[in-house]
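Okay, structure first, notes after.
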There are 2 protein chains.
Amino acid sequence: MRPKILLVEDDASLVELISYNLEKEGFDVIRTDDGEEALVLAQEDKPDLVILDWMIANLSGIEVCRRLRRAPLTANLPIVMLTARAEEADRIRGLETGADDYVTKPFSPRELVARVRAVLRRLRPALSGGNLDYAGISMDTSAHKVTRDGSTVSLGPTEFRLLRHFLEHPGRVFSREQLLDAVWGRDVYVEQRTVDVHIRRLRKAVNAADNGTELPDVIRTVRSAGYALDAAPLPA
Amino acid sequence: MRPKILLVEDDASLVELISYNLEKEGFDVIRTDDGEEALVLAQEDKPDLVILDWMIANLSGIEVCRRLRRAPLTANLPIVMLTARAEEADRIRGLETGADDYVTKPFSPRELVARVRAVLRRLRPALSGGNLDYAGISMDTSAHKVTRDGSTVSLGPTEFRLLRHFLEHPGRVFSREQLLDAVWGRDVYVEQRTVDVHIRRLRKAVNAADNGTELPDVIRTVRSAGYALDAAPLPA
DNA sequence: CAATTTCGCTACATTTTTGTGACAAAGGCC
DNA sequence: GGCCTTTGTCACAAAAATGTAGCGAAATTG
């Protein structure tokens with residue numbers, strides 16, 4: 001699932017630059033240039049991280065930061081501050097308000113992306129690391145490797161993301177639409193039936209053992225609802 | 001032996017913050033707030049790395065940097081510059097005077113430590129571990145020598161660093177972006193495809209035995225994700 | 001059981017991503 | 001200065017992945 005980032009910035013060209021690079025790197029970006037709106041979006045859209053410019057309209061960045069920290073829902077939301085002031089005093093004040101990292105303007109897109117990744121890795125390990133195990137399937141996300149009862153499973157990029165999404169929400173049923181949102185991205189337009197094809201490819205890969213034998217299907221089709229990854233298929 | 005770091009900084013609270021964090025992370029810290037004294041300490045205490053603030057009393061950081069580079073004993077001493085000016089021009093000037101990396105204020109202690117480690121790893125391989133072994137490859141970091149199942153492997157500088165990075169994180173997949181950051185450095189701007197070319201050069205060198213025979217490829221391409229060094233290639 | 005919806009599967013054209021050789025610029029060495 | 005190594009980039013070839021259409025099977029409905 002693509003991490004979602006709330007970008008609070010009022011310089012249009014910066015918004016453009018940052019969004020472009022973040023999206024290219026696999027993040028979904030929600031934008032606003034208004035402090036009050038940022039607070040609302042942080043509550044409602046549940047982003048995984050907030051990039052916050054120090055100086056924005058309606059509320060200062062630092063105030064937004066404080067309020068985010070006070071609200072229970074967003075108290076632990078990772079925050080990266082964007083600032084033009086490099087002075088030490090600001091750094092301290094910033095830390096006291098609870099930002100998790102800082103990026104000083106001017107910055108390179110790559111640096112920002114790297115910082116965002118670093119903060120997410122530190123605060124949201126589930127998003128970027130570790131192993132996922134379920135239904136005899138084991139996925140090493142950092143090595144990009146998957147095994148099923150020992151035999152290695154080889155997957156294409158999309159199948160990998162699809163399977164990861166299922167492993168992150170074991171047993172749960174997802175509609176094609178939800179899968180498109182989660183695996184393909186919010187603003188990608190593809191046919192819903194495309195999901196079927198990838199489900200088939202995933203099934204094919206996951207249900208085949210190294211020695212060529214067929215394993216029981218772990219993906220359950222829920223007619224007129226979607227698909228789910230199941231631990232134990234019902235005995236017939 | 002704990003690496004020794006000379007910290008040249010005149011902001012007392014910063015000295016405190018930095019020293020605390022470096023020592024916590026396994027470094028010994030020598031402090032001074034005076035440029036002239038820094039030169040003396042650099043000669044006499046033989047630190048492994050210098051952290052140098054741009055603006056310090058008695059001599060500017062940039063001048064200290066130049067003089068360190070001129071003295072034979074300290075010509076190759078790794079230097080990390082601390083600066084409040086984030087402008088690109090300053091970065092360039094700093095690099096031209098011979099600093100190996102720079103950190104822009106405000107920075108988080110974690111970031112500084114990470115940079116220090118990165119610079120040491122890049123310039124003082126001996127400090128960060130002796131031999132690395134994985135997947136039949138053996139790297140003597142201090143002698144700068146690599147063997148694959150006995151046969152010697154000859155690598156250019158960049159390929160060496162690339163391989164070392166893989167050996168330090170065996171099995172893990174790195175994106176081109178991550179590799180650029182880790183192997184080339186944070187502030188070097190090269191095309192991402194350049195990584196491909198160096199991967200190819202590395203493959204060529206590592207997969208060729210002394211007698212001219214081809215060995216199995218140890219570098220795994222992970223489509224749309226990056227590359228990894230793998231122990232066990234595909235069983236045919 | 002017939003009508004209708006939903007799904008599995010295959011084939012295929014397109015797009016994306018990676019491999020590879022060549023080349024010129026930069027830097028080190030003598 | 002010449003000579004050699006290393007480096008980054010490009011252009012093109014090769015390979016892999018992707019999205020869609022289409023057809024028939026299976027489930028659902030009534």
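Quick note on labels: first sequence line is chain A, next is B, and so on, each numbered from 1.
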Within the structure, does a side-chain N or O atom of B/Thr158 lie under 4.0 Å from either OP1 or OP2 of D/dT7? yes
For B/Leu202 and C/dT20, give me the distance from atom CG to atom C1', rounded to whole Å. 15 Å
Assess the side chains of B/Asp149 and B/Ser151: does a donor N or O sit below 3.5 Å from an acceptor N or O? no
With a 6.0 Å cut-off on the ring centroids, do B/Trp184 and B/His165 count as close? no
Please tell me which of A/Leu155 and A/Val197 maps to the more 5' nucleotide of DNA chain D, matching each residue to the nucleotide holding its nearest heavy atom. A/Leu155
Identify which nucleotide among D/dC10, D/dG19, C/dC9 has an atom closest to any side-chain atom of A/Arg200, counting heavy atoms from C-beta outward. C/dC9
Quick note, B/Arg201 side chain, CB onward, closest among C/dT20, D/dA21, D/dT9 is D/dT9
Closest non-hydrogen atom pair between B/Ala42 and B/Pro47, with its separation: O-CD, 3.5 Å
Distances under 3.5 Å between protein N/O atoms and the N/O atoms of nucleotides 5-7 of chain C, please, pair by pair.
unit_1, atom_1, unit_2, atom_2, d
C/dT5, O2, A/Arg223, NH2, 3.1
C/dT6, O4', A/Arg223, NH2, 3.1
C/dT6, O3', A/Ser224, N, 3.4
C/dT6, O2, A/Arg223, NH2, 3.3
C/dC7, OP1, A/Arg176, NH2, 2.7
C/dC7, OP1, A/Ser224, N, 2.7
C/dC7, OP2, A/Arg176, NH2, 2.2
C/dC7, O5', A/Arg176, NH2, 3.2

Less than 4.0 angstrom from a charged side-chain N to a carboxylate O is my criterion; do A/Asp140 and B/Arg172 meet it? no
Describe the nucleic acid contact of B/Gln192 in one word from base, sugar-phosphate, nothing, applying a heavy-atom distance below 4.0 Å. nothing
Whole-Å distance between C/dA13 P and A/Glu191 CD? 19 Å
Could you tell me how far apart A/His198 (NE2) and D/dA17 (P) are, to the nearest whole angstrom? 11 Å
Between B/Thr194 and B/Gly156, just flag the one whose closest nucleotide in DNA chain D comes earlier from the 5' side. B/Gly156
Do other residues, nucleotides or ligands put more than 12 heavy atoms under 6.0 Å from A/Glu177 CD? no
Nearest-angstrom distance from the residue atom CZ of B/Arg220 to C1' of C/dG19: 18 Å
Rounded off to whole Å, could you give me the CD1-to-P distance for the A/Ile199 and D/dG19 pair? 13 Å
Distance-only side-chain donor-acceptor flag, A/Arg203 / A/Thr221, under 3.5 Å: yes
Ion pair A/Asp230/A/Arg220, N-O distance below 4.0 Å: yes
Rounding to an integer number of Å, can you tell me how far B/Phe160 CZ sits from D/dT6 P? 13 Å
For D/dT18, does either OP1 or OP2 sit under 4.0 Å from a side-chain N or O belonging to A/Trp184? no
